[in-house]
Peer 1: 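Dropping the structure in here first, questions after.
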Amino acid sequence: MITFETLCVRVGGVPADEIQHWIDSEWLRPEGTPGHYLFREIDEARAILIRELRHDLGVNEEGVPIVLSLLDQLYASRRQMLRLREALSVPRENELRSKLRGLLGMMPD
């Protein structure tokens, strides 16, 4: 876990008050309390993504939460598909597994 100050340095090129705005807007959700925030690796990656959206790609203030929400949905779906794939790869013969294979049409033995 890293501090707010460390995050500001690692994100680079973004003033601390702008990163605080991202927290206030709930684009970033650190652990801890104001003045004592702690950020995980995923928070740092998200902050870098927000910087790229705002500064490099020119996404406006209203567009950032939309993009972040869509990306969150995409990653959640991906995690669900990976879990489903793992569950189906367990060697066992049952009706559910057979039906899911038929529905998905893409799960090899």
Side-chain angles (χ1 to χ4, degrees):
M1 308 249 330
I2 61 172
T3 64
F4 182 84
E5 293 77 16
T6 303
L7 180 74
C8 290
V9 170
R10 289 187 181 178
V11 170
V14 180
D17 61 332
E18 186 173 350
I19 293 177
Q20 183 60 53
H21 172 69
W22 300 348
I23 296 167
D24 296 341
S25 299
E26 296 185 356
W27 300 349
L28 286 177
R29 296 182 190 107
E31 295 181 21
T33 58
H36 304 291
Y37 291 127
L38 291 174
F39 297 87
R40 295 167 291 156
E41 231 177 277
I42 193 77
D43 299 317
E44 181 181 349
R46 191 173 179 97
I48 292 168
L49 171 64
I50 294 168
R51 183 202 66 215
E52 290 173 354
L53 290 171
R54 295 287 288 142
H55 296 263
D56 299 344
L57 300 174
V59 176
N60 66 19
E61 182 89 11
E62 295 79 25
V64 172
I66 295 168
V67 172
L68 292 175
S69 175
L70 290 171
L71 286 171
D72 290 343
Q73 290 175 44
L74 177 65
Y75 290 133
S77 295
R78 185 170 182 250
R79 284 190 303 271
Q80 287 176 328
M81 289 302 295
L82 288 172
R83 275 188 245 142
L84 178 59
R85 184 176 178 193
E86 288 171 8
L88 290 175
S89 69
V90 174
R92 63 178 181 240
E93 294 302 320
N94 62 44
E95 187 177 332
L96 176 60
R97 184 171 180 227
S98 297
K99 285 183 179 181
L100 285 173
R101 280 204 166 153
L103 289 173
L104 296 176
M106 62 180 163
M107 301 301 293
D109 284 336

Peer 1: Apply salt bridge (Lys or Arg N to Asp or Glu O under 4.0 Å) to Glu5 and list each qualifying residue two or more places apart in sequence or on a separate chain.
Peer 2: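 With neighbours one apart ignored, the set is empty.
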Peer 1: Flag the pair Leu68 / Leu49 as yes when at least one side-chain heavy-atom distance between them is below 4.5 Å, and no otherwise.
Peer 2: yes
Peer 1: In Å, rounded to the nearest 0.5 Å, how long is the span from CG of Asp43 to CZ of Arg29?
Peer 2: 9.5 Å
Peer 1: Evaluate whether atom CD of Glu61 has more than 12 neighbouring non-hydrogen atoms of other residues, nucleotides or ligands under 6.0 angstrom away.
Peer 2: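 Atom CD in Glu61 is crowded, with more than 12 foreign heavy atoms closer than 6.0 Å.
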Peer 1: Taking only residues two or more places apart in sequence, or in another chain, which ones meet His21 in a ring-ring contact (aromatic ring centres under 6.0 Å, His included)?
Peer 2: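 ring-ring contact (aromatic ring centres under 6.0 Å, His included) list for His21, sorted by chain: Trp27.
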Peer 1: Please report the shortest heavy-atom distance between Ala47 and Trp22, naming the atom on each side.
Peer 2: O-CZ3, 3.5 Å
Peer 1: Holding to side-chain contact (heavy atoms from CB on, under 4.5 Å), I want the full list of residues that pass it with Arg79, two or more places apart in sequence or in another chain.
Peer 2: Tyr75, Ala76, Arg83
Peer 1: Rounded to the nearest 0.5 Å, how far does CD1 of Ile66 lie from CG of Leu71?
Peer 2: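 With rounding to 0.5 Å, CG (Leu71) is 12.0 Å from CD1 (Ile66).
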Peer 1: Are Ile48 and Leu70 in one and the same hydrophobic cluster, where Ile, Leu, Val, Met, Phe, Trp and Tyr link if side-chain heavy atoms are under 4.5 Å apart?
Peer 2: no
Peer 1: Apart from Met1 itself, which Ile, Leu, Val, Met, Phe, Trp or Tyr residues share its cluster (side-chain heavy atoms under 4.5 Å, direct or through members)?
Peer 2: Leu38
Peer 1: Checking Ile42 now: which residues fulfil side-chain contact (heavy atoms from CB on, under 4.5 Å) with it, not counting sequence neighbours?
Peer 2: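 For Ile42 the side-chain contact (heavy atoms from CB on, under 4.5 Å) partners, ignoring immediate neighbours, are Arg40.
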Peer 1: Does a side-chain heavy-atom distance below 4.5 Å link Ile23 with Phe4?
Peer 2: yes
Peer 1: So, using side chain to side chain donor-acceptor pair (under 3.5 Å) as the criterion, who are the partners of Glu62 when residues are at least two apart?
Peer 2: none
Peer 1: For the side chain of Arg54 and the backbone of Val59, is there at least one donor-acceptor N/O pair under 3.5 Å apart?
Peer 2: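 Here the side-chain-to-backbone pair exists.
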Peer 1: Using the test side chain to side chain donor-acceptor pair (under 3.5 Å), find all partners of Thr33 that sit at least two apart in sequence or belong to another chain.
Peer 2: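 Thr33 satisfies side chain to side chain donor-acceptor pair (under 3.5 Å) with no other residue.
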Peer 1: State which residues pass salt bridge (Lys or Arg N to Asp or Glu O under 4.0 Å) with Arg46; sequence neighbours excluded, sorted by chain then number.
Peer 2: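 Salt bridge (Lys or Arg N to Asp or Glu O under 4.0 Å) check on Arg46 returns Asp72.
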Peer 1: Using atom types as modelled, flag every donor-acceptor pair under 3.5 Å from a side chain in residues 9-20 to any protein atom, sequence neighbours excluded.
Peer 2:
| residue | atom | partner | partner atom | Å |
| --- | --- | --- | --- | --- |
| Arg10 | NH1 | Glu44 | OE1 | 3.1 |
| Glu18 | OE2 | His55 | NE2 | 3.1 |
| Gln20 | NE2 | Asp24 | OD1 | 2.9 |

Peer 1: Taking the side chain as everything from C-beta on, heavy atoms only, tell me whether Ile50 gets closer than 4.5 Å to Leu28.
Peer 2: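 Sidechains of Leu28 and Ile50: in contact.
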Peer 1: Output yes when a side-chain donor or acceptor of Ser77 lies under 3.5 Å from a complementary backbone atom of Gln73, and no otherwise.
Peer 2: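 Side chain of Ser77 to backbone of Gln73: a pair is present.
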